[in-house]
Structure formats: structure tokens, C-alpha cells
Amino acid sequence: MKLRILSYLTAALLMLGAFPAAAALYLAAPAEAVPAGSAPQQGEAQAVEDAAGTLSFGNVEARMRQGNPTLLSVQATLDAQKSFDRKAAYDKLLKGINDMVDGAVAASEAMGTGLSGAAAMTAGVPAMRAQLDAISEKNWAETMEKLDRQLSDTMNQLVVAGEGIYLGILTYENKLGEIERALKLMEQSMEEMELRHRLGQISKLALEEFRASWRATESQAESLRLGIAGMKATLESFLGEPVTGTIALLPLPATPKGEIALYEIDAAQALLLAKEKSFALFQADNARADAEDEWKDAKKAHAPGGYSYRMAEQTHQAALHSYDAAVQGFELSFQSLRRSVEDAAQLRAAAAGDADYGRTSYQAAHKRHELGQISAAALRLAENELRAKEAALEAAEIALFSAYRDYSWALREGIVPSMQ
């Protein structure tokens with residue numbers, strides 16, 4: 001069976017001392033148990049080094065691959081399995097089997113126990129033969145492809161998670177800036193409210209209500225600050241660096257032309273490319289193939305219509321339906337991902353137009369203030385409105401960058417959000 005080959009290989013490697021036990025247990029774990037989380041091996045291209053205490057988006061993957069303990073462990077495991085001498089291991093295991101059989105036959109003859117004695121002493125041979133088959137030339141390429149894809153997917157998922165944290169921090173920092181601007185405006189208004197209260201123009205209750213609103217807004221800002229510090233600490237741990245929660249993130253670069261070009265690929269062709277790259281679908285296809293093999297074996301071993309036959313048939317059908325569901329889920333997620341790029345693009349365009357209007361309005365307000373037509377408070381309000389529109393544009397640009405990035409991961413590595 002295709003999926004059983006991995007377990008046999010792990011056992012064989014342990015027997016031959018080719019891997020540490022911990023690494024072998026990791027390899028034997030199903031993909032669902034592997035930690036979740038770039039474009040192909042983008043970390044290999046070294047970008048400009050970040051200044052101390054800072055991080056640029058373009059260096060997230062490279063710094064994770066250089067410092068993240070989990071990534072380094074998985075990469076070391078991958079390098080080890082690629083350097084494994086299959087032929088030497090095969091020959092050693094084959095010799096071990098032959099020596100065991102020859103020794104058992106000689107011992108049984110000496111003791112006069114005959115074939116029954118030899119059979120008892122070679123009870124472990126079938127399992128060893130299964131291990132031998134797992135590292136035969138026939139099965140080796142298929143097994144190595146699965147291991148390579150599984151471990152590469154593990155590393156890619158971690159990088160995706162790291163990049164997602166980076167983008168999340170920028171989004172929260174943008175929101176925090178908006179709240180802090182509102183607080184500054186409220187503080188300026190507070191002085192006016194207190195003066196009006198002293199002059200008897202507003203009640204004490206109105207003043208206290210305004211103060212309560214300010215305190216609630218300040219509390220919201222503090223919660224965001226704490227959340228951002230926590231996310232930064234997580235990102236620092238992803239980088240394998242000291243966890244302080246203070247790392248400064250640099251602004252996003254322009255969306256790479258290559259990622260924009262990926263979106264311009266025909267939708268149907270892009271879906272085929274993403275499905276071909278997807279490890280989740282690769283794994284589902286292996287499970288389906290394994291179920292097909294088991295069904296063939298069951299049809300030979302059981303009479304049609306019997307209980308065992310029916311159970312095997314239903315198990316086979318369940319496996320086929322599971323594969324179809326995996327494919328359908330991937331296709332729906334990919335289509336949603338593609339639409340998200342289009343939606344983010346139109347929202348960014350709308351925000352850009354609104355920001356342009358805000359700049360024009362502020363320039364007009366500034367001119368009117370110079371002419372004495374509006375108060376300084378009215379000018380501050382116009383400036384605050386402009387800053388809010390610019391913040392909305394920044395948020396839209398982050399969302400568009402993120403959508404293109406997610407789509408790029410889908411086409412390059414077959415990773416879609418719902419499949420992570």
C-alpha cells in the first residue's frame with residue numbers, strides 16, 4: 001500500500017541507524033500532526049539586511065529559515081533523508097534477513113526441530129521483508145517524493161503563518177493610529193468642553209459623558225497596544241530571536257510584478273497549477289489510491305455479499321467521497337481566493353479616490369482658514385478627516401498586498417487558506 005510504505009521506511013531507517021529516533025518519529029507522523037503555516041524557497045534569495053530591531057516583509061522568510069528552530073529541524077531532517085544511501089541500506093537489510101534465515105535453519109537442524117523450529121526463529125522476517133520492499137528502488141522515488149513534499153509543505157506553512165502575523169500587525173497598527181488620532185482630537189475638544197462647563201454652557205453630566213467616552217477610547221487603544229505587542233512577540237519567536245514584543249516592522253513594499261502576473265494567468269489554468277502543487281490534494285490522492293488497493297485485496301479475499309465484503313466496499317466508497325470532498329473544497333477555496341484579489345483591488349481604488357478627495361478638501365479648508373473664514377478647530381477637523389481617509393487607503397493597500405500574496409502562495413505551492 002502506498003501510505004504504508006512511509007511507516008515501513010521509518011522502521012527500516014531506525015533499524016539501520018540512519019536517523020535519530022526523534023527524527024524518525026517526526027517523519028512517521030501524519031501530515032495533520034505537523035505544525036501548520038512561498039513562493040518557492042524565496043528564502044534562498046538574500047534581501048537587504050534589516051537594521052537592528054527592525055523587520056521588513058521581504059526578509060520574513062529568509063530570517064525564519066535562518067533562525068526558526070522548527071524550520072531548522074525540519075530542514076535538517078529533509079537534508080538527512082536526501083543524503084540517505086538507499087542501496088547500502090538495502091544491501092545491509094537484505095544481508096540481515098539472509099543471515100537470520102541461514103542461522104535459523106542451521107540452529108533447527110542442530111536441535112532436530114526441523115522446519116517448525118526454523119519458522120519460529122524467523123517470525124520477524126515478513127516484517128523485515130516489508131521494510132526491505134519499502135526501500136527498494138521500485139518504491140524509493142515515490143516514498144521520497146512524499147517525504148520531500150510533506151516536509152517542504154510543513155516549512156512553507158510556517159512561513160505563511162509568519163507572513164500572516166506580519167500583515168496582521170500592520171493592520172492593527174493602522175487601526176491603532178486611527179484611534180490615537182481620535183484621542184488627540186478628543187483631548188483637544190476636552191479643553192473646550194471644560195471651558196464651556198465653567199462658563200455654564202454645558203452641564204456637568206455632558207462633560208462627564210464626554211470624559212467617559214474618552215476613557216473608553218483610551219482603553220480600546222491600550223488593548224490594541226497590548227495585542228500588537230503580543231503579536232510582535234509571536235513573530236519574534238517565529239524568527240528564532242529574543243522575545244521582547246518590540247520589533248519594529250517596516251512599511252510594505254509595492255506588490256511584486258511577478259505576483260500581479262500570476263493573477264493574470266487564465267483562471268482555469270491557474271486552478272490546475274494550484275491543484276498540482278497542493279500537498280493536501282497529493283495526500284488525499286494517495287489515500288484514495290491506498291483505498292483502491294485495499295478494495296482490490298478485499299474483493300479477492302471475501303465472497304460478494306458477505307459482511308466483510310460489504311464493509312470493505314463501504315470503506316472504499318467513503319475514501320472516494322473523501323477525495324472528492326477534498327478536491328471540491330480546494331476548488332471553492334481557490335476561487336474565493338481569486339475573487340478576494342479582485343475585491344481588494346476595487347476597494348483599494350475606491351479608497352485611493354476618497355483619499356484624493358480628502359486632500360483636495362483639506363487644501364480648500366486650509367485656504368479658508370488662512371482667509372479667516374473657518375476656525376482652527378474646523379481646520380483640525382478637516383485634517384483629521386484627511387488622516388482617516390489616508391489610513392483607510394493604507395488599510396486597503398495592506399489588504400490588497402495580502403490578497404496577492406495569498407494567491408501567489410496558492411499558485412506556487414498549492415496553499416489556500418482553508419487548507420492550512
What's the spacing between [X] [atom1] and [Y] [atom2] if we round to 0.5 Å?
X	Y	atom1	atom2	result
Ser408	Leu262	OG	CG	5.0 Å
Asn59	Met64	CG	CE	13.0 Å
Leu151	Leu71	CG	CG	11.5 Å
Leu170	Ile398	CG	CD1	5.0 Å
Leu411	Glu413	CG	CD	10.5 Å
Lys300	Trp295	NZ	CH2	13.0 Å

Which donor-acceptor pairs under 3.5 Å do side chains of residues 214-221 form with protein atoms, sequence neighbours excluded?
from   : atom 1 : to     : atom 2 : distance (Å)
Thr217 : OG1    : Ser213 : O      : 2.9
Glu218 : OE2    : Arg225 : NH1    : 3.3

Report the residues that fulfil side-chain contact (heavy atoms from CB on, under 4.5 Å) with [X], sequence neighbours left out, ordered by chain and then residue number.
X	result
Ala378	Ile374, Ser375
Arg181	Glu178, Asn384, Arg387, Ala391
Ala355	Arg359, Leu393

Query raised in the report: Checking side chain to side chain contact (heavy atoms under 4.5 Å, CB included) for the pair Lys146/Phe282: CA distance, chi angles, key distance, verdict?
Result: CA-CA 8 Å; Lys146 180 173 177 60; Phe282 173 78; 4.0 Å; yes

Going by the rule ring-ring contact (aromatic ring centres under 6.0 Å, His included), which residues pair with Tyr407 if we only count those two or more places apart in sequence or in a different chain?
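Residues passing ring-ring contact (aromatic ring centres under 6.0 Å, His included) with Tyr407: Tyr263, Phe334.
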
Any ring-ring contact (aromatic ring centres under 6.0 Å, His included) pairs touching [range], not counting sequence neighbours?
range	result
residues 181-204	none
residues 221-247	none
residues 159-196	Phe57-Tyr166

Scan for side chain to side chain donor-acceptor pair (under 3.5 Å) pairs involving residues 305-322, sequence neighbours excluded, and state none if there are none.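 Non-adjacent pairs meeting side chain to side chain donor-acceptor pair (under 3.5 Å): Glu292-His316.
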
Keeping the roles fixed (side chain from [X], backbone from [Y]), state whether a donor-acceptor pair exists under 3.5 Å.
X	Y	value
Asp266	Gln269	yes
Glu173	Ile228	no
Asp354	Lys389	no
Glu236	Ile247	yes
Ser340	Leu337	yes
Ser73	Pro69	no

Where [X] and [Y] come nearest, the two heavy atoms and their spacing:
X	Y	result
Thr70	Asn68	N-OD1, 2.9 Å
Leu400	Ala345	CD1-N, 3.6 Å
Ala410	Ala274	O-CB, 3.3 Å
Gly162	Leu235	O-CD1, 3.7 Å
Leu281	Ala326	CD2-O, 3.7 Å
Val416	Ser333	CG2-CB, 3.9 Å

- Query: Is the shortest side-chain N to carboxylate O distance from Glu61 to Arg65 below 4.0 Å?
  - Reply: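 Salt bridge present between Glu61 and Arg65.
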
Do [X] and [Y] come close enough that some side-chain heavy atom pair is under 4.5 Å?
X	Y	result
Ile202	Phe210	no
Asp153	Ile415	yes
Leu252	Glu397	no
Leu158	Met155	no
Arg412	Lys277	no
Thr171	Lys175	no
Phe401	Pro253	yes
Leu239	Gln66	no

Could you tell me which residues satisfy side-chain hydrogen bond (donor to acceptor under 3.5 Å, both in side chains) with Gln346, sequence neighbours excluded, listed by chain and number?
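With sequence neighbours excluded, Gln346 shows a side-chain hydrogen bond (donor to acceptor under 3.5 Å, both in side chains) to Asp343, given in chain and number order.
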
Quick one: list whatever passes side-chain hydrogen bond (donor to acceptor under 3.5 Å, both in side chains) with Gln335, sequence neighbours left out.
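Checked Gln335 against side-chain hydrogen bond (donor to acceptor under 3.5 Å, both in side chains); zero matches.
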
Run the side chain to side chain contact (heavy atoms under 4.5 Å, CB included) test on Ile179 and Leu224 for me, step by step, so that the C-alpha distance in whole Å, both residues' side-chain angles and the decisive distance to 0.1 Å come before the verdict. CA-CA 9 Å; Ile179 294 176; Leu224 271 177; 3.4 Å; yes

Practice problem: Say whether Gln328 and Asp324, considering side chains only, have a donor N or O and an acceptor N or O under 3.5 Å apart. | Solution: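 There is no such pair (donor and acceptor under 3.5 Å, judged by atom type) between the side chains of Gln328 and Asp324.
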
Between Ser152 and Asp148, a side-chain donor and acceptor under 3.5 Å:
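Yes, Asp148 and Ser152 have a side-chain donor paired with an acceptor closer than 3.5 Å.
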
Let me check something: any side-chain donor-acceptor pairs from residues 184-194 under 3.5 Å, sequence neighbours excluded? List them with distances.
from   : atom 1 : to     : atom 2 : distance (Å)
Gln188 : OE1    : Arg380 : NE     : 3.0
Ser189 : OG     : Leu185 : O      : 3.0
Glu194 : OE2    : Arg211 : NH2    : 3.2

Side chain to side chain contact (heavy atoms under 4.5 Å, CB included) between Leu249 and Thr54, worked out
CA-CA 6 Å; Leu249 306 190; Thr54 68; over 6 Å; no

Q. On the ring face of Phe279, is Arg149 found with NZ or CZ under 6.0 Å from the centre and within 45° of the axis?
A.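 No; the conditions do not both hold, so Arg149 does not lie above the ring face of Phe279.
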
### Step-by-step salt bridge (Lys or Arg N to Asp or Glu O under 4.0 Å) determination, Arg288 to Asp285
CA-CA 5 Å; Arg288 179 183 63 169; Asp285 186 53; 2.6 Å; yes

Quickly, which of Ile169, Val243, Ile165 forms a side-chain contact (heavy atoms from CB on, under 4.5 Å) with Thr234? Name it, please.
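Going through Ile169, Val243, Ile165 one by one, the side-chain contact (heavy atoms from CB on, under 4.5 Å) with Thr234 is satisfied by Ile165 alone.
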
Count the heavy atoms belonging to other residues, nucleotides or ligands that lie under 6.0 Å from NZ of Lys275, then report whether that count exceeds 12.
->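 Check passes, neighbour count above 12.
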
